[in-house]
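Worksheet: the structure to be examined is printed underneath.
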Amino acid sequence: MRILRHMCACVGLLMLAGCGSSEGDRLTKENIRLTNEYAAEFERIATIPDKGEIKKIQERITKIQDEMKANNEALQKLPIAKLKELGDKHKTERDEATDRLKKALAPFRAKGPNAKKISEKS
């Protein structure tokens with residue numbers, strides 16, 4: 001659930017994103033890069049690596065989450081009008097990163113606490 005919350009915060013900010021300034025562009029591109037890295041780590045963990053590799057992946061995920069939080073806080077300081085403009089400007093890249101993250105997280109959502117309830121009803 002925490003992962004989904006982070007993803008929603010990231011996507012929400014990117015949807016609002018807009019600006020023309022180099023700082024806004026830099027922050028938005030950084031957010032897209034982080035979203036792709038986040039997705040890549042979940043794609044790696046879905047391959048069921050050994051315990052040592054899982055620990056390394058979890059450490060990288062935590063680091064990415066911290067970077068995303070800092071990036072989102074910086075984006076929140078930009079004016080709404082600029083955020084909207086950035087969102088339009090980087091829509092394609094943002095949407096691709098978001099879709100990749102959704103696909104990477106899909107196997108983990110099915111294994112959540114409600115998965116047993118769903119399978120019991122079937």
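Side-chain atoms are counted along with the backbone in the values below, which use heavy atoms only and exclude waters and symmetry mates.
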Exercise. Heavy atoms, side chains only, cut-off 4.5 Å: are Phe108 and Ile45 in contact?
Worked result: yes
Exercise. So do the side chains of Met68 and Thr35 get within less than 4.5 Å of each other, counting heavy atoms only?
Worked result: yes
Exercise. To the nearest 0.5 Å, what is the distance between CD1 (Ile61) and CD (Gln58)?
Worked result: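 Going from CD1 on Ile61 over to CD on Gln58, the span is 7.0 Å.
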Problem set entry | Set of residues satisfying side chain to side chain donor-acceptor pair (under 3.5 Å) with respect to Glu93, sequence neighbours excluded | none
For this session: Go through the structure and list residues passing side chain to side chain donor-acceptor pair (under 3.5 Å) with Asp95, not counting sequence neighbours.
Result: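 With neighbours one apart ignored, the set is Lys91.
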Exercise. Is it true that Arg33 and Glu67 have a side-chain N and a carboxylate O under 4.0 angstrom from each other?
Worked result: yes
Problem set entry | Glu43 bridged to Lys103 by N-O distance under 4.0 Å |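 Answer for the salt bridge query: no.
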Heavy-atom pair of closest approach, residues [X] and [Y]:
{"X": "Ile32", "Y": "Arg94", "result": "CD1-N, 3.9 Å"}
{"X": "Arg26", "Y": "Glu23", "result": "NH2-OE2, 2.9 Å"}
{"X": "Pro49", "Y": "Arg44", "result": "CD-O, 3.7 Å"}
{"X": "Thr28", "Y": "Leu75", "result": "OG1-CD2, 4.0 Å"}
{"X": "Ala39", "Y": "Ala104", "result": "O-CB, 3.5 Å"}

Problem set entry | Backbone of Lys102 reached by a side-chain donor or acceptor of Arg109 within 3.5 Å |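 Yes, because the side chain of Arg109 sits within donor-acceptor range (under 3.5 Å) of the backbone of Lys102.
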Exercise. Would you say the side-chain atoms of Asn31 pair up with the backbone N or O of Asn72, donor to acceptor, closer than 3.5 Å?
Worked result: no
Problem set entry | With sequence neighbours excluded, residues passing side chain to side chain contact (heavy atoms under 4.5 Å, CB included) with Lys55 | Glu59
